[in-house]
Q: 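Here it is, the structure in full.
Bear in mind that the values here come from a model prediction, so they are computed numbers and not experimental data.
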Amino acid sequence: MVDYVRSLLFAPIRYGRNRDQIVRLLDPCCGPGDALRQLADSMNRHVTVETYGVELHEERAQEAAEQLDHALSSDLFRCSIANRTFNLLWLNPPYDWDREDKRVEQAFLSHCSRYLEPDGVLVYIIPRAQIATSARFLTTNYRRVRTWSFPEPEVEAFDQVVVLGVRKPQPRPDARAMRDLVASIDNLPALSRGLTPEYDVGMSQPGPVMFTTRVIDFTKAVAEARQRGLWTQDEITEAFWPPNDATARPLMPLRKGHLAMLVAAGFLDNLELETPESRVLVKGQTKKEMVLVEEGETHDVYREQLRTSVVTLDLDSGRIERIEA
């Protein structure tokens, strides 16, 4: 079917000022990405093609990521995608009813049309029975709307059709085009090889476009952080863990209070201290506690108090001692 549809398209060819431009293709229900990849490969001989796909099913999305230049594993309606950016929209939506008893095909069509640039080409694959559902929207937002049925024997599965159209710069109702589209339902030409090209696929300036999901995948976020996160910057890691971490001698001897503060603040955590009598590991912490300081008839008065504790582990005997202040 991809080859049949391709025969209806004029693939852009680089010439003159267009030699640096590209073609952007979008499939918001891309599955494993086979259809869009096949369509892109048929155009690659003439121009640079960028492929974008969205797929809800995680395993199929992983396959699409290997086939397409950009692939999102996400619900389409939770994605942020640049409007008026893509030259061709390949739309083969789910065939179903939503929770409000409205057709899913029409919901995808109305949502995804915004992504097409003016004069961009729509390829809309739906059951024949749903042409009437989308007829008003199609003829209001697209011109040159034409429909072909799947050939035998493929047509037997869902009685599918392919609707092609060119996006209008501004929506404008066309009652006559809508009547003609609905009237053609029972007398559609079938897709076949060697059809005459009728639709020009445009080109765009290269550069990044918004194409992301608004839902965080924590597994991917962790992988991204490890690859490009703050800790990958040498100036940050050297500031926290300098390569030449030399000890410094204080100008004056530390008092017991100073030592207790250092231990409680964690500066001596897991430090091994050795004396002629024993070897111990030291760990300290400081936390806040609410302490009752006054009881009243109507309310009690509490005050925050810092509670410091130091724990030592004797490495020879295994004895643990806790000192609190």
Side-chain angles (χ1 to χ4, degrees), residues 1-13 23-29 35-36 38-40 42-43 46 84 86-95 103-203:
M1 296 304 106
V2 174
D3 290 338
Y4 294 166
V5 173
R6 173 66 179 86
S7 66
L8 292 166
L9 305 173
F10 285 106
I13 299 176
V23 178
R24 293 194 183 97
L25 309 179
L26 171 64
D27 185 346
C29 310
L36 202 63
Q38 184 176 339
L39 181 63
S42 71
M43 298 181 179
H46 309 289
R84 293 173 169 250
F86 297 89
N87 305 107
L88 183 141
L89 172 62
W90 183 279
L91 182 56
N92 184 13
Y95 304 159
R103 292 300 301 185
V104 175
E105 298 95 327
Q106 174 58 29
F108 272 81
L109 175 65
S110 60
H111 181 84
C112 296
S113 290
R114 69 191 72 182
Y115 304 141
L116 261 182
E117 66 171 6
D119 297 325
V121 176
L122 167 71
V123 179
Y124 186 37
I125 304 172
I126 55 173
R128 185 193 304 260
Q130 300 311 316
I131 296 177
T133 304
S134 299
R136 181 182 297 277
F137 184 91
L138 285 167
T139 54
T140 297
N141 292 275
Y142 294 88
R143 57 186 175 85
R144 296 176 56 206
V145 179
R146 289 197 57 194
T147 309
W148 289 261
S149 72
F150 274 30
E152 299 290 351
E154 288 83 359
V155 73
E156 296 296 332
F158 295 104
D159 194 14
Q160 288 165 286
V161 300
V162 177
V163 183
L164 271 71
V166 179
R167 190 183 179 198
K168 298 177 180 179
Q170 296 295 332
R172 179 176 296 179
D174 189 333
R176 179 177 179 180
M178 185 177 70
R179 288 195 302 269
D180 292 344
L181 178 59
V182 174
S184 69
I185 292 177
D186 297 323
N187 190 27
L188 295 175
L191 289 172
S192 62
R193 297 187 184 279
L195 293 172
T196 302
E198 299 184 28
Y199 293 86
D200 289 294
V201 178
M203 301 179 71

Q: Does any N or O in the side chain of Tyr124 come within less than 3.5 Å of the main-chain N or O of Gly165, such that one atom is a donor and the other an acceptor?
A: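 No, Tyr124 side chain to Gly165 backbone: no donor-acceptor pair under 3.5 Å.
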Q: For residues Leu91 and Phe108, determine if any side-chain heavy atom of one lies less than 4.5 Å from a side-chain heavy atom of the other.
A: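 Yes; the side chains approach each other to less than 4.5 Å.
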Q: To the nearest 0.5 Å, what is the distance between CH2 on Trp90 and CG on Leu26?
A: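 Going from CH2 on Trp90 over to CG on Leu26, the span is 12.5 Å.
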Q: Compare all side-chain heavy atoms of Arg24 with those of Glu117 and state whether any distance is below 4.5 angstrom.
A: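 Arg24 does not reach Glu117 side chain to side chain.
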Q: Given 3.5 Å as the limit, does a donor-acceptor pair link the side chain of Arg128 with the main chain of Ile185, or not?
A: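 Indeed, once roles are kept as given, a pair shorter than 3.5 Å links the two residues.
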Q: Are Asp119 and Arg143 close enough for a salt bridge, meaning some N to O gap below 4.0 Å?
A: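 Looking at Arg143 together with Asp119, the answer is yes, because their closest N to O distance falls below 4.0 Å.
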Q: To the nearest 0.5 Å, tell me how far Asp3 CG sits from Arg193 CZ.
A: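 Reported to 0.5 Å precision, the distance equals 6.0 Å.
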Q: Rounded to the nearest 0.5 Å, how far does CE of Met178 lie from OG1 of Thr140?
A: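 Between atom OG1 of Thr140 and atom CE of Met178 there are 7.5 Å.
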Q: Do Arg103 and Thr133 meet the criterion of a side-chain donor-acceptor pair at a distance under 3.5 Å?
A: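 No pair is found: no donor N or O on one side chain lies under 3.5 Å from an acceptor on the other.
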Q: Rounded to the nearest 0.5 Å, what's the gap from CG on Leu89 to CG on Leu116? Could you check?
A: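 Result: 5.0 Å between the selected atoms.
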Q: Taking the side chain as C-beta and beyond, is there a heavy-atom pair between Ile125 and Phe150 under 4.5 Å?
A: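 Answer yes - side chains close enough.
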Q: Phe137 vs Tyr142 aromatic rings, parallel, tilted or perpendicular, using cut-offs 30° and 60°?
A: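 Tilted, since the angle between the ring planes falls between 30° and 60°.
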Q: Determine whether Leu88 and Leu9 make a side-chain contact, defined as any pair of heavy atoms from C-beta on separated by less than 4.5 Å.
A: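 Yes, close enough: below the 4.5 Å cut-off.
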Q: Closest heavy-atom contact between Ser192 and Ser7?
A: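 What the structure gives for the nearest pair is O-OG, 4.0 Å.
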Q: Quick check on side chain to side chain contact (heavy atoms under 4.5 Å, CB included): which of Phe10, Tyr199, Phe86 does Val121 satisfy it with?
A: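 Looking at Phe10, Tyr199, Phe86, the match for Val121 under the side chain to side chain contact (heavy atoms under 4.5 Å, CB included) is Tyr199.
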Q: Do Asn141 and Ser113 touch side chain to side chain, with heavy atoms closer than 4.5 Å?
A: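 Not in contact.
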